[in-house]
Protein chains: 2
Amino acid sequence: MTARTAADARAEARDAYRAGFAACPTNRLLDRMGDKWVGLVLKELAEGPQRYGELARSIPGASQKMLTQTLRHLERDGLLSRTVTPAVPVRVDYELTPLGQSLLPVLNAVTRWAEQNIGQVDRARRAYDAQQG
Amino acid sequence: MTARTAADARAEARDAYRAGFAACPTNRLLDRMGDKWVGLVLKELAEGPQRYGELARSIPGASQKMLTQTLRHLERDGLLSRTVTPAVPVRVDYELTPLGQSLLPVLNAVTRWAEQNIGQVDRARRAYDAQQG
DNA sequence: CGGGATCCGCAATGATACTG
DNA sequence: CAGTATCATTGCGGATCCCG
């Protein structure tokens, strides 16, 4: 059948919308910042360059894999730079780029809102949960 | 064996750290905002109250399930209110609460950075990909 | 020291059908 | 109209072993 059902139309609209959605800068950024360890890594590097091991010790919650993956993503996006110093043993330093530093104020805005309003959120959550299990 | 291996110690450190991590307001907020459709929904409701169907049409990329789930989460966190008007057919309106509105400037900060810097991010990404496939 | 490679479980996401 | 219920998928996050 070549009949165009309503479902087909909806599916097409979805796909078209999602193409635009994936390209939307805001959502791309939110997606990145929503990555579990991105916020922590940026906060750590905000205070200065650090070696891989230092980061790993500062953020013991992240597995090696996730820490490396997070660092690679941020490097790919140009938010931080990775510097390898050939020696024995090898030394690798991570540092925020100017672009990465320009993101810090945004991150701080998020942090400030979160700290100031987390109480209200928790109260709302308790009220919601109490009212209807 | 009751021997305490280094792996055990690391596992404990991880768990302890993660408990604190889960409680960190910033990460909780980033997690929520990172939810795929939260940004879109907030942007839509920023312009005024809307009915469920309006939202669904404005955001065709989201399935019914995900839209409803997103709305429920935001309602639970006290960021928006859900008003049911008993009628035939039923009418349900969603509206940002003051708390939800107070989050808009933060979201706008994210949007502004994203729009201004997405070009650099894309350039960095192309450079990274070109250099090492 | 700073990873890479691999395998795995589970939760997030989604498509579809049905309901008050 | 505004959902709920159900089932399928997939990929994130993680554990573990190995390497230069």
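All values reported here derive from a predicted model rather than from experimental measurement. Sequence lines set the chain letters: A, B, ... in the order given, protein chains first and strands last, and positions in each chain run from 1.
Clustering ILVMFWY residues whenever any of their side-chain heavy atoms sit less than 4.5 angstrom apart, transitively, puts Leu104(B) in the very cluster that holds Leu99(B). Under the 4.5 Å side-chain heavy-atom criterion for Ile, Leu, Val, Met, Phe, Trp and Tyr, Tyr94(B) and Tyr128(A) are members of distinct hydrophobic clusters. Side-chain heavy atoms closer than 4.5 Å link hydrophobic residues (I, L, V, M, F, W, Y) into clusters, and following such links, possibly through other members, connects Val92(A) to Leu80(A).
When the nucleotides dC1(C), dA15(C), dG4(C) are ranked by their closest atom to the side chain of Pro89(A), dC1(C) comes out on top. Comparing atom distances between the Arg18(A) side chain and each of dA15(D), dG14(C), dT4(D) picks out dG14(C) as nearest. Closest approach to the Val90(A) side chain among dG14(C), dG20(D), dC17(D) is made by dG20(D) (side chain taken as heavy atoms from C-beta onward). Of all nucleotides listed (dA15(D), dG2(C), dG4(C)), dG2(C) comes nearest to the side chain of Val92(A). Residue Lys65(B) has its side chain nearest to dG14(C) when only dA15(D), dT4(D), dG14(C) are considered. When each of dG3(D), dG3(C), dG14(C) is scored by its nearest atom to the side-chain atoms of Gln64(B), the top-ranked nucleotide is dG3(D). Proximity note for Arg51(B) (side chain, C-beta onward) versus dG13(D), dC1(D), dC7(D): the nearest is dC1(D).
For the pairing with Tyr52(B), the side-chain contact (heavy atoms from CB on, under 4.5 Å) check across Gln64(B), Arg82(B), Arg57(B), Arg91(B) returns one residue only, Gln64(B).
Comment: Arg32(B) engages Asp35(B) in a salt bridge, judged by a side-chain N to carboxylate O separation of less than 4.0 angstrom.
Taking atom CE of residue Met66(B) and atom P of nucleotide dT9(D), one finds them 18 Å apart after rounding to whole Å. If you measure from atom CD1 of Ile59(A) to atom C1' of dG13(D), you get 15 Å, rounded to the nearest angstrom. Separating the CZ atom of Arg32(A) from the P atom of dC12(D) is a distance of 10 Å, rounded to the nearest angstrom. For Asp31(A) and dA12(C), the CG to P distance is 15 Å, given to the nearest whole Å.
Toward the 5′ end of DNA chain C lies the nearest nucleotide of Tyr94(A), the other residue of the pair Asp15(A) and Tyr94(A) mapping further downstream.
Between Arg72(A) and the phosphate of dG4(C), there is a side-chain N or O to OP1/OP2 separation shorter than 4.0 Å. Using a 4.0 Å cut-off, some side-chain N or O of Arg82(A) falls inside it from OP1 or OP2 of dG3(C). Taking side-chain N and O atoms only, Trp37(B) has a distance below 4.0 Å to OP1 or OP2 of dG14(C).
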